[in-house]
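First the structure, in the form of structure tokens, and then the observations on it.
What you are looking at is a predicted structure, and each value in this text was computed from that prediction instead of being measured.
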Amino acid sequence: MDLGLKGRRALVLGGSSGIGLAAAKMLVADGALVTIASRDQQKLDRAAAETGALAVVCDAADPGQVAALAAQYADGLGLLVSAFGGSHRSPFLKLTDADWLTNYEFNLLGTIRALRAFHPALARDGAGRVVLLGAVSGRQPTADQAVSNVHKAGLHALTKTLATEWAPDGIEVNCVGPGRAFTPLWQRRAADRAAAEGTTVEAIKAEVTADIPARRFGTAEEVARMVVFLASPAAAYTTGQTIMVDGGLLRAV
């Protein structure tokens with residue numbers, strides 16, 4: 001299927017690892033002109049060599065760096081993927097104001113800044129696409145992850161809001177909600193738990209996936225395929241949606 005991405009300028013924020021990296025690879029393979037951005041130069045260098053994308057350092061928590069990157073797209077941007085963020089595991093009563101504020105900056109405000117900064121470039125040709133990375137936990141909260149639950153729900157609401165506000169500019173805004181994908185975040189988490197509990201990574205994986213109908217972790221590539229589809233002209237007339245790629249984990253109708 002031709003997704004119509006050849007020659008389209010694409011920027012993947014958080015494109016140096018995980019789902020962002022997988023999406024960047026697919027966009028390049030489909031002929032898009034891809035730049036990946038993250039705050040880690042070493043990861044970026046490896047990702048650029050792996051994907052063939054251009055790479056630029058940009059810390060989404062630094063408004064100046066975001067503005068400087070946006071200025072490079074004064075002549076237009078076809079596609080923006082926001083794939084950065086993280087999770088902070090802690091019982092609610094142990095979370096401090098600093099925990100909430102630090103993670104808000106990284107998980108939500110960084111995306112808000114980027115969207116604001118890149119709006120003129122996305123609107124320039126009247127056919128911009130935005131894809132955000134949310135999570136199943138934004139609709140089906142997970143215990144001990146209040147920070148991530150709240151912020152991902154915020155991204156889902158932001159998707160709906162901007163789909164309406166930016167429709168007159170020709171910009172479609174969608175969100176992909178991964179379930180449990182075995183990205184570097186989960187790889188580290190499973191390894192840490194296995195070491196702490198004196199068991200194996202495979203045993204941890206079996207425990208964590210027991211409530212997923214598919215009975216396994218997803219892969220970064222499986223999630224990225226949905227990101228790339230929503231980013232493409234093939235998904236025209238789809239906007240304001242959060243689509244879960246979760247192996248059936250979300251139980252809501």
Given side chains that start at C-beta, do those of [X] and [Y] come closer than 4.5 Å, heavy atoms only?
X      : Y      : value
Leu230 : Ile243 : yes
Asp169 : Leu122 : no
Asn103 : Leu108 : no

For this session: Determine, step by step, whether Cys58 and Val66 satisfy the side chain to side chain contact (heavy atoms under 4.5 Å, CB included) criterion, reporting the C-alpha distance in whole Å, the side-chain angles of both residues, the deciding distance to 0.1 Å, and the verdict.
Result: CA-CA 6 Å; Cys58 181; Val66 173; 4.2 Å; yes
For the hydrophobic clusters of this structure (ILVMFWY residues joined by side-chain heavy atoms under 4.5 Å, transitively), does one cluster hold both [X] and [Y]?
X      : Y      : value
Val130 : Val227 : no
Val136 : Phe84  : no
Phe118 : Leu33  : no
Phe217 : Val201 : yes
Leu185 : Val223 : no

How close do [X] and [Y] get, heavy atom to heavy atom, and via which atoms?
X      : Y      : result
Asn174 : Gly240 : OD1-N, 3.3 Å
Glu172 : Tyr237 : OE2-N, 3.1 Å
Lys205 : Phe182 : CD-CZ, 3.8 Å
Leu115 : Trp166 : O-CH2, 3.3 Å
His88  : Leu95  : CD2-CD2, 3.4 Å
Ile19  : Pro178 : CD1-CG, 3.8 Å

Problem set entry | Audit row: Glu197, Ile204, side chain to side chain contact (heavy atoms under 4.5 Å, CB included) steps and yes/no | CA-CA 9 Å; Glu197 298 173 20; Ile204 297 297; 3.7 Å; yes
For this session: If the plane angle is over 60° it's perpendicular, under 30° parallel, otherwise tilted; pick one for Phe92 and Trp100.
Result: perpendicular
For this session: Look at the side chain of Asp40 and the backbone N and O of Gln42, then say whether any donor-acceptor pair between them is shorter than 3.5 Å.
Result: yes
For this session: Could you tell me whether the side chain of Glu222 and the main chain of Val245 form a donor-acceptor pair under 3.5 Å?
Result: no
For this session: Go through the steps to decide whether Arg189 and Arg89 satisfy the test side chain to side chain contact (heavy atoms under 4.5 Å, CB included), and finish with yes or no.
Result: CA-CA 10 Å; Arg189 186 178 292 170; Arg89 292 182 64 83; 3.4 Å; yes
Return the [atom1] to [atom2] distance between [X] and [Y], rounded to the nearest 0.5 Å.
X      : Y      : atom1 : atom2 : value
Asn149 : Gln145 : CG    : CD    : 6.5 Å
Arg8   : Leu77  : CZ    : CG    : 9.0 Å
Phe106 : Leu101 : CZ    : CG    : 15.5 Å
Ile171 : Leu79  : CD1   : CG    : 12.0 Å
Ser137 : Asp246 : OG    : CG    : 11.0 Å
Leu133 : Asn107 : CG    : CG    : 11.5 Å

Exercise. Could you walk me through whether Met26 and Glu221 pass the side chain to side chain contact (heavy atoms under 4.5 Å, CB included) check?
Worked result: CA-CA 9 Å; Met26 292 178 189; Glu221 290 73 20; 3.8 Å; yes
Exercise. Looking at Leu80, Ile36, Val28, which hits side chain to side chain contact (heavy atoms under 4.5 Å, CB included) with Val12?
Worked result: Ile36
Is the shortest distance from a Lys or Arg side-chain nitrogen in [X] or [Y] to a carboxylate oxygen in the other one below 4.0 Å?
X      : Y      : result
Glu50  : Lys43  : no
Lys160 : Glu165 : no
Arg180 : Asp211 : yes

Problem set entry | Summary of side-chain hydrogen bond (donor to acceptor under 3.5 Å, both in side chains) pairs that have at least one residue in residues 62-82, sequence neighbours excluded | Arg9-Asp75, Thr35-Tyr73, Asp62-Gln65, Ser82-Thr111
Problem set entry | Check: Ser148/Ser87 side-chain N/O donor and acceptor closer than 3.5 Å | no
Problem set entry | Verdict with reasoning, Arg193 to Glu207, per salt bridge (charged side-chain N to carboxylate O under 4.0 Å, His left out) | CA-CA 11 Å; Arg193 277 195 57 189; Glu207 175 191 332; 3.0 Å; yes
